[in-house]
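To keep things clear, I will list the structure first and then write my remarks on it.
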Protein chains: 2
Amino acid sequence: MNYQEFQKSINVSKEQLYREIYLANRDQIQVKKEETVIRNLSRIFDAALKISNEKGFQAMSMRDFSKETALSMGALYSYFASKDELLDMILRQGRQLVVRILNAHIQPIEDPVTKLEAAIRIHIYLSEALQPWFYFSFMEVKNMSPAEKENTVAGELYTDQIFADILIEGQAAGHFAARDPQQSASGIKALLQDWYVKRWKHARRQTSVDAYADFIVDFVMAYHRVSDGGKVQRS
Amino acid sequence: MNYQEFQKSINVSKEQLYREIYLANRDQIQVKKEETVIRNLSRIFDAALKISNEKGFQAMSMRDFSKETALSMGALYSYFASKDELLDMILRQGRQLVVRILNAHIQPIEDPVTKLEAAIRIHIYLSEALQPWFYFSFMEVKNMSPAEKENTVAGELYTDQIFADILIEGQAAGHFAARDPQQSASGIKALLQDWYVKRWKHARRQTSVDAYADFIVDFVMAYHRVSDGGKVQRS
DNA sequence: GTCTATATACGGATAGAC
DNA sequence: GTCTATCCGTATATAGAC
């Protein structure tokens, strides 16, 4: 799979996504006309991610936010009870979407080697498609409520475990060399996160998302190859 | 080298470090008694890093800060002109120290393979010794003045280049396999950064700094081994 | 549903006493 | 050198008109 194919496969219409958010937060949202809610939620989420990724969620004032969404401060507060509630909403919805897409693509695969490569690619492609959200959820940990902080940590450990489980299975079947699976998984995650955290660096080098995925797959596979014919040699 | 040895080798006394900071910022600092300056600068830097790493520099109020340093707000402002100046001071001093130690340890080494391993270890050990500063400089990019942001980016590219140069030299001498050196360097950096960015995860798994360094060295070396006898096998 | 106007609190920074 | 008291801008959030 490459990025273009991945994009097609997750082609959930934006409208569909925001309808789900509306239904999930029906109690918080005072506005009742569904069409209006969907249009405005879309503006609200996009604006919040845009401004936060430029200057941080905490540094985003409601006045900035009001300007970017083209909604008055009064109107905004009929979609969420407080700025902190908005933060929670963004995190919750993103996490849900990420888990759903990850599982849909990875779980069906049987062969551990194919599965490891797929998991790496899907994670990179997903973080490309939802880059603003991934970056946001990485950088805003400090501003989260204790409950949301826990959820974010749990999410991180959950995806670590996806990789660890694939490695364990592959080692048992003799396809991967014996390595500490948790440690490997954590290293893989570090490499994946670099794609959306250090975006400016990859853009500067004009690395495409597919080229980056190829690189990480090679890098990771080299460490898990079963036998080891070569060695680095000291002079 | 292990972490304990490294610690001894950089045993610059704290007092010596703060004396340098005082001399470098003599114009900004209104207080003239050197002993007082050193004592208070030490409090100021420690407190700023501590609070910022908990809740972010921008969320740290001068009142919080005053309490943590046990200095009044009035007193604080005789050590820096504004909160933003304080940010700049912290970044400048840390960068200077980091570059000095990195070069001192890495430049003398000749053999590329030994040098690559040393560069990895030194970087990890250094980020362990100065963990609060590394984390700060990573997370506070958004709050930096344009000039400091540029310096931070330059610092990142500078250390990338250290690794790239080692790889280029090693490839030319036939000790490393042919890989894109810039790409490799960037991947190595991602793995190194994980040590101080995801500290909670490594602490939870009780990974020691030496164990982490061993792991990264193995991981990176596997990718740069000259010949490749083994393969992962798909079932 | 959305707006404008405003209540209220808290931010950084400084003046002047000691 | 350090402190307390205070200035003044800006923050979030809401009330009430339309």
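So you know, we letter chains A, B, ... as the sequences are listed, proteins then strands, and number each from 1. Hydrogens, waters and symmetry mates are skipped; everything else that's a heavy atom, side chains included, is used. The model shown is predicted, which means the values in this text are computed figures rather than measured ones.
The CG-C1' distance, from A:Leu76 to C:dT2, rounds to 10 Å in whole Å. Here D:dA13 presents its C1' atom at 15 Å from CD of A:Gln28, a figure rounded to the nearest Å. If you take CD of B:Glu35 and P of D:dT2, they are 11 Å apart, rounded to a whole angstrom. If you take CG of A:Asp64 and C1' of D:dT12, they are 13 Å apart, rounded to a whole angstrom. To the nearest angstrom, P of C:dG11 lies 14 Å from CZ of B:Phe57. A straight line from CE of A:Met60 to C1' of D:dA13 spans 14 Å, rounded to a whole angstrom. Rounded to a whole Å, the CZ atom of A:Phe65 is 14 Å from the P atom of C:dT2. For the pair B:Met62 CE and D:dT2 P, the computed distance is 14 Å after rounding to whole Å.
Using a 30° and 60° split on the angle between ring planes, A:Phe6 and A:Tyr125 fall in the tilted class, from 30° to 60°.
B:Ser72 comes within 4.0 angstrom of a base, heavy atoms only.
Taking only side-chain atoms of A:Met73, from C-beta outward, the nucleotide of D:dG1, D:dT12, C:dG1 with the closest atom is D:dT12. Residue B:Ala75 places its side chain closer to D:dC3 than to any other of C:dT2, D:dC3, D:dT12. Of the candidate nucleotides C:dG12, C:dG1, C:dC3, C:dC3 has the atom nearest to the side chain of A:Leu71.
Nearest-nucleotide assignment on DNA chain D puts the 5′-proximal partner with B:Gln30, out of A:Asp84 and B:Gln30. Mapping A:Gly74 and B:Lys83 onto DNA chain C by nearest heavy atom places A:Gly74 closer to the 5' end of the strand.
Using modelled atom types, no side-chain atom of B:Asn53 and backbone atom of B:Tyr135 make a donor-acceptor pair closer than 3.5 Å.
Checked by atom type, the side-chain pair A:Gln58/B:Lys55 shows no donor-acceptor distance below 3.5 Å.
Between B:Tyr79 and the phosphate of D:dG1, there is no side-chain N or O to OP1/OP2 separation shorter than 4.0 Å. Under 4.0 angstrom from either OP1 or OP2 of C:dC10 there lies no side-chain N or O belonging to B:Arg63. Residue B:Tyr77 places no side-chain N or O under 4.0 Å from the OP1 or OP2 atom of C:dT14.
The pair A:Arg63-A:Glu68 does not meet the salt-bridge criterion, since no charged nitrogen lies less than 4.0 angstrom from a carboxylate oxygen.
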Query raised in the report: Going through the checks in order, is the side chain to side chain donor-acceptor pair (under 3.5 Å) test met by B:Asn25 and B:Arg92?
Result: CA-CA 11 Å; B:Asn25 297 278; B:Arg92 267 200 311 272; 3.1 Å; yes
